[in-house]
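Below is one structure, written out as structure tokens; the observations come after it.
Every chain is numbered from 1, with letters handed out A, B, ... down the list of sequences. Please read all numbers here as calculations on a predicted model, not as lab measurements.
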Number of protein chains: 2
Amino acid sequence: MVEQRDGVGPRTRRATLRDVGALAGVSFKTVSRVVNGEPGVSDELAERVREAARQLNYRPNHTASVLRKRDGRSMSIGLIVEDVVNPFFAAIHRGLEAAAMDGGYSVLTGSVLDSTTRERELVETFSARRVDGLVVSPNDDLVETLALERRNGVVVVYIDRLPGRLDADAVVSDNRAGARAGVEHLLASGHRRVAMVGDTHTIHTAEERYLGYVEAHAAHGVPLDQTLQARDVHGGDAGTEAAGRILDLADPPTALFTAQNMLTVGAVRALRARGLEHEVALVGFDDFLLSDLLDPPVTVVAQDPDQIGRIAAERLMARIEGDMSPPQVHVVPTTLLPRGSGELPLAAGG
Amino acid sequence: MVEQRDGVGPRTRRATLRDVGALAGVSFKTVSRVVNGEPGVSDELAERVREAARQLNYRPNHTASVLRKRDGRSMSIGLIVEDVVNPFFAAIHRGLEAAAMDGGYSVLTGSVLDSTTRERELVETFSARRVDGLVVSPNDDLVETLALERRNGVVVVYIDRLPGRLDADAVVSDNRAGARAGVEHLLASGHRRVAMVGDTHTIHTAEERYLGYVEAHAAHGVPLDQTLQARDVHGGDAGTEAAGRILDLADPPTALFTAQNMLTVGAVRALRARGLEHEVALVGFDDFLLSDLLDPPVTVVAQDPDQIGRIAAERLMARIEGDMSPPQVHVVPTTLLPRGSGELPLAAGG
DNA sequence: ATGAAAGCGCTAACAT
DNA sequence: ATGTTAGCGCTTTCAT
């Protein structure tokens with residue numbers, strides 16, 4: 001018998017295949033067959049087994065099953081992101097979870113929070129828990145850590161960024177084209193002094209967006225002005241400061257291109273502080289909640305994080321199930337959403 | 001030997017305790033001792049074992065270890081929320097994860113997305129994976145499903161809402177006091193016609209916030225006006241519509257109290273559409289990103305979701321580790337953040 | 001200080 | 001159609 005106890009307290013013994021078999025008067029292997037829907041059990045026995053399972057509130061022990069199974073797949077994947085609170089990663093999380101669920105996989109999540117120690121811990125914890133695959137934003141340290149796990153058969157898919165050497169599938173936004181489209185949008189309406197505030201240049205994503213900014217200028221034959229470029233700016237507060245510094249120049253820009261979410265918000269604050277939000281145009285990379293409710297509504301180059309998460313899950317599952325084709329980069333298109341801040345009339349003096 | 005293979009493809013065989021033992025020339029039990037930091041291994045052997053483990057890139061199989069262990073704890077907990085993209089739940093997720101990590105627990109997450117089927121699936125999947133505990137927002141269906149798992153020893157902590165019968169720990173915001181404070185803030189500055197837009201009344205949280213609204217009126221001796229109350233409003237669009245209907249009344253309110261995140265945003269849209277954002281005051285329950293950048297900045301009653309997640313994790317871990325005290329409700333205080341929309345001067349005609 | 005044997009709950013392989 | 005045996009990688013228990 002299985003002893004059970006109510007209340008808030010901790011575990012009691014759970015029913016096993018054997019317990020169910022004993023109650024139903026069959027061998028535990030028959031129970032296993034019923035539970036897994038295998039053929040070769042008479043309807044009558046099967047019903048008796050199911051009834052016994054119900055009575056004992058039986059739940060298959062997934063981990064024991066994985067341990068014994070030939071392929072040893074745990075049907076779980078790990079998602080390691082910088083911060084689950086960041087809406088971009090939260091949306092990736094949701095897309096990934098939806099696709100994973102469709103494939104029968106569960107999702108473990110972890111936030112790195114800028115700690116490389118924590119990042120390594122997460123990889124090791126997830127590996128010890130025998131996830132079949134990991135979805136991560138690569139950095140040089142991490143790629144090295146992952147190499148070890150991958151030799152153990154853990155499959156990896158990169159998101160958001162590309163690693164130095166493409167040794168696995170990656171799913172990224174079309175950062176360069178998106179940035180270029182955003183900046184060209186400004187140049188096309190006559191702006192000639194378009195400043196850029198960008199994230200840490202060692203981040204692949206940031207570099208690509210910068211190249212988009214450069215390409216747009218080249219395409220329009222507009223020379224670049226170093227004084228209008230702030231790079232290696234990380235976080236909202238730094239964004240406010242960097243944008244402010246540029247706006248305060250003797251020869252200020254007529255438009256801003258901010259290459260990341262938080263930087264865009266930072267720039268909005270800097271513009272507000274100077275009462276320039278209707279004077280200086282703004283295009284941001286990556287959409288954010290309520291961008292359309294600000295005054296003026298913020299024009300952005302929107303990514304599709306849900307889609308990134310979905311595709312990452314699909315690639316990962318395909319790899320887990322044996323796809324051995326060469327690593328691919330999946331580029332997810334971006335969308336320019338003109339809302340107002342990027343379409344301000346160019347002041348006569350500009 | 002352990003065969004290994006590089007590349008993007010799926011699993012190769014992983015090294016086990018036996019493999020490491022074979023390479024180090026000791027029994028696998030000695031390896032187990034070293035890996036788990038148990039005493040009774042000479043320094044020399046221990047070093048040899050560690051070297052062998054490194055060479056073979058050994059990772060303990062956490063799931064096998066759990067299976068055999070006396071207490072059978074998996075050191076993992078499941079978080080089931082409505083939607084990981086919702087910033088409120090995302091913040092809970094982060095707080096929970098931080099506390100769980102400190103306790104050595106991993107976190108499985110799932111979004112319910114308004115599907116009771118999915119909710120039940122998640123509970124069963126997580127139970128089959130032998131999570132030690134679950135953190136969930138209760139509803140009547142779910143509480144019933146959970147009862148079964150709890151008899152199997154899965155510990156439960158409720159967040160955000162209270163269940164009908166308090167049969168486990170719960171961590172919730174001080175919804176009633178928060179709502180009351182928000183509404184009193186309006187009444188205290190002279191408003192006498194304060195409308196309310198609230199979520200589905202069967203949700204405990206929504207009901208509590210409504211009671212706070214009622215209490216505030218009673219405390220100020222202001223009679224309630226049914227025509228100013230829209231309840232059972234779910235989601236941003238419905239919020240816009242409901243707020244709009246009230247604003248269009250012959251005898252409209254001078255202030256709005258919106259009892260939920262998305263409803264607040266909906267109300268902002270309704271006010272904007274009528275050019276009333278500087279005429280009709282607004283206080284919302286639950287803070288949201290960029291609320292301070294809107295025009296006017298939105299006054300809110302802020303919750304502390306990170307703290308809710310943290311406390312939930314701590315309660316859960318305590319229960320898992322044997323705390324048998326009666327179920328408790330942990331009430332997390334809210335904070336009124338006056339930003340502008342709740343402090344508009346009351347129009348003379350109001 | 002080290003190791004051998006048993007067994008956690010399950011599936012695989014092989015009886016009957 | 002049903003059952004028996006072995007063993008996944010590990011911890012427990014007991015022996016040396």
Which residue, R70(A) or R33(B), contacts DNA chain C at a nucleotide closer to its 5' end, judged by nearest heavy atom?
R33(B)

Angle between the two end axes of the helix from dA1(C)-dT16(D) to dT16(C)-dA1(D), five base pairs per end, rounded to 10 degrees?
40°

With heavy-atom distances below 4.5 Å as the criterion, would you say the side chains of V171(B) and V332(B) are in contact?
yes

As a quick check of understanding, evaluate side-chain hydrogen bond (donor to acceptor under 3.5 Å, both in side chains) for S106(A) and H62(A), giving each step before the final call.
CA-CA 12 Å; S106(A) 294; H62(A) 177 259; over 6 Å; no

Sole candidate of L23(A), V41(A), V34(A) that passes side chain to side chain contact (heavy atoms under 4.5 Å, CB included) when paired with V49(A)
V34(A)

Salt-bridge contact E97(A)-R94(A) (side-chain N to carboxylate O under 4.0 Å):
no

Are there any protein N/O atoms within less than 3.5 Å of an N/O atom in nucleotides 7-9 of chain C, and if so, which ones and at what distance?
{"from": "dG7(C)", "atom 1": "N2", "to": "R68(B)", "atom 2": "NE", "distance (Å)": "2.1"}
{"from": "dG7(C)", "atom 1": "N3", "to": "R68(B)", "atom 2": "NE", "distance (Å)": "2.6"}
{"from": "dC8(C)", "atom 1": "O2", "to": "R68(B)", "atom 2": "N", "distance (Å)": "3.4"}
{"from": "dG9(C)", "atom 1": "N2", "to": "A64(A)", "atom 2": "O", "distance (Å)": "3.4"}

Report the distance from atom CZ of F28(B) to atom C1' of dA1(C), rounded to the nearest whole Å.
17 Å

Does a side-chain N or O from S32(B) land closer than 4.0 Å to OP1 or OP2 of dC10(D), or not?
no

Report yes or no: does S111(B) contribute a side-chain atom to a donor-acceptor pair with the main-chain N or O of V84(B) at less than 3.5 Å?
yes

Where the side chain of D140(B) meets the backbone of G164(B), is there a donor-acceptor pair that is under 3.5 Å apart?
no

Strictly below 4.0 Å, heavy-atom distances to any atom of DNA chain D: list the hits from residues 36-45 of chain A, or just say none.
G40(A), V41(A), S42(A), L45(A)

State, yes or no, whether a side-chain contact exists between V143(B) and D167(B) at a heavy-atom distance under 4.5 Å.
yes

Return yes if some donor-acceptor pair links the side-chain N/O of D132(B) with the main-chain N/O of I77(B) below 3.5 Å, else return no.
no

Comparing nearest nucleotides in DNA chain C, the 5'-proximal residue of the pair V26(B), H62(A) is V26(B)

With a 4.0 Å cut-off, would you call E51(A) and R48(A) a salt bridge?
no

